[in-house]
Amino acid sequence: EMLDRAYLYQRRSFDSQRGGFGSAPKFPRPSVYNFLLRHWKRTGNQDALDMVTTTLIGMARGGMNDQLGGGFHRYSVDEFWFIPHFEKMLYDEAQLAVSYLEAFQITGNASFEETARRTLLAERTSAGHWVGELSSSALSTATAVSAIAVMACRLPHIERTAYELLIDGGLRWILARQNADGGWGDTDKSLSNISTTMLVRAALHLAGRAEGNLAAMKRAEAYLDAQGGIAGLRRRYGKDKTFAVPILTNCALAGLVSWKEVSPLPFELACLPPEWYRFARMPVVSYAIPALVAIGQARFHFAPPRNPL
């Protein structure tokens, strides 16, 4: 009965036209695909198999699938699998390869086997093995630098030295990877985007290193202006606040934008059971709830509403 309920839960959120589950942004969910394939095997429910194959075909045909370099980007910004978030995770590649291979074994569709083969080979090094590099990302490094800087500034001066070394090392790595257009991409192989560039700018200010890197900051500001600034960031994500609100929170902590630009989030709703979130119609994806609760509290602290209740 529990497995049948899990199937029905996935069935309700399935996009029957484009594949995938829920609305934008759309993430690959290999564990869900594997569950549905086993549900099909156990029950013979053709819908369970069709949900997986429709999704795998949609991802393979869309922009999430790197048609040139191979492999899959982390997720699709839109609901059509068209606009990728230019970041790749080795654990995603490995799990998706399993999903495509199992779909091939069940259906005999050669395109699934070919996609799995290209996905695995694309991530192999010239030495013939696979290496994970989660830290090789301006996005994650800027976020880490910001967090360390906010924490370190509250420590006694004598205790800051070790953290200052971490901050300097992170910023050296980031500054060496600024793109020619003045921005930064999610990884050192990615095109610039407004989100990562805003996070890097905030990290430099929070760390107190902006004035010492004026040339890089000037190029970054020019890039952000060309992308539309705050309006451009919001335009990129539309109604979804999962990413825009955390990015603007970092900027507000750095004193670069007013806290009024950070949308207040109903963090009190986190006390509800997770299965109730869809009824609350929160404009965020559920996996990000813990981080967004903290952001909602920060916004409440720095820009309290007139009615605190």
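Please read these numbers as outputs of a predicted model, since none were measured by experiment. Hydrogens, waters and symmetry mates play no part in the numbers below; they use all other heavy atoms, side chains included.
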Audit row: His85, Asp186, side-chain contact (heavy atoms from CB on, under 4.5 Å) steps and yes/no: CA-CA 8 Å; His85 177 82; Asp186 293 341; 2.9 Å; yes
I would like to know whether Thr53 and Thr107 meet side-chain contact (heavy atoms from CB on, under 4.5 Å); could you show each step before the answer? CA-CA 9 Å; Thr53 56; Thr107 67; 4.0 Å; yes
Between Trp184 and Tyr223, does a side-chain contact (heavy atoms from CB on, under 4.5 Å) hold up when you go through it step by step? CA-CA 9 Å; Trp184 281 268; Tyr223 173 83; over 6 Å; no
Set out, in order, the CA-CA distance, both residues' side-chain angles and the distance that settles salt bridge (charged side-chain N to carboxylate O under 4.0 Å, His left out) for Arg42 and Asp4, then state yes or no. CA-CA 11 Å; Arg42 182 175 64 88; Asp4 292 336; 3.2 Å; yes
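Side-chain contact between Phe243 and Ser195 is absent, with no heavy atoms from C-beta onward closer than 4.5 Å. Considering only heavy atoms from C-beta on, Leu175 comes within 4.5 Å of Leu204 through its side chain. In this structure the side chain of Asp92 never reaches within 4.5 angstrom of the side chain of Phe27, judged on heavy atoms. Using a 4.5 Å heavy-atom threshold, the side chains of Trp81 and Asn65 count as separate. Residues Leu139 and Leu199 have side chains in contact (heavy-atom distance under 4.5 Å, counting atoms from C-beta outward). Two residues are said to be in side-chain contact when any heavy atoms from C-beta on lie closer than 4.5 Å; Arg299 and Thr249 fail this criterion. Side-chain contact between Trp259 and Leu253 is present, with at least one heavy-atom pair separated by less than 4.5 Å. For the pair Gln10/Arg29, a side-chain contact is recorded, criterion being any heavy-atom separation below 4.5 Å from C-beta on.
Here Phe112 and Phe104 keep their ring centres 6.0 angstrom or further from each other.
Atom CD of Gln46 sits in a crowded spot, with more than 12 heavy atoms from other residues, nucleotides or ligands closer than 6.0 Å. Heavy atoms from other residues, nucleotides or ligands lying under 6.0 Å from OH of Tyr163 number 12 at most. Counting non-hydrogen atoms of neighbouring residues, nucleotides and ligands closer than 6.0 angstrom, the CZ atom of Arg117 reaches no more than 12 such neighbours. Surrounding CZ of Arg61 are at most 12 heavy atoms belonging to other residues, nucleotides or ligands under 6.0 Å away.
Ring geometry for Phe14 versus Phe21: interplanar angle of 30 to 60°, hence tilted.
In terms of heavy atoms, Ala103 sits closest to Leu56 at CB-CD1, 3.6 Å. When all heavy atoms of Leu37 and Ser99 are compared, the closest pair comes out as CD1-O, 4.4 Å.
Between Asp15 and Lys26 there is a salt bridge, since at least one side-chain N of the basic residue sits less than 4.0 Å from a carboxylate O of the acidic one. Electrostatic pairing of Glu164 and Arg209 counts as a salt bridge here, judged by a charged N lying under 4.0 Å from a carboxylate O.
In this structure, CG on Leu3 lies 11.0 Å from CG on Leu8, to the nearest 0.5 angstrom.
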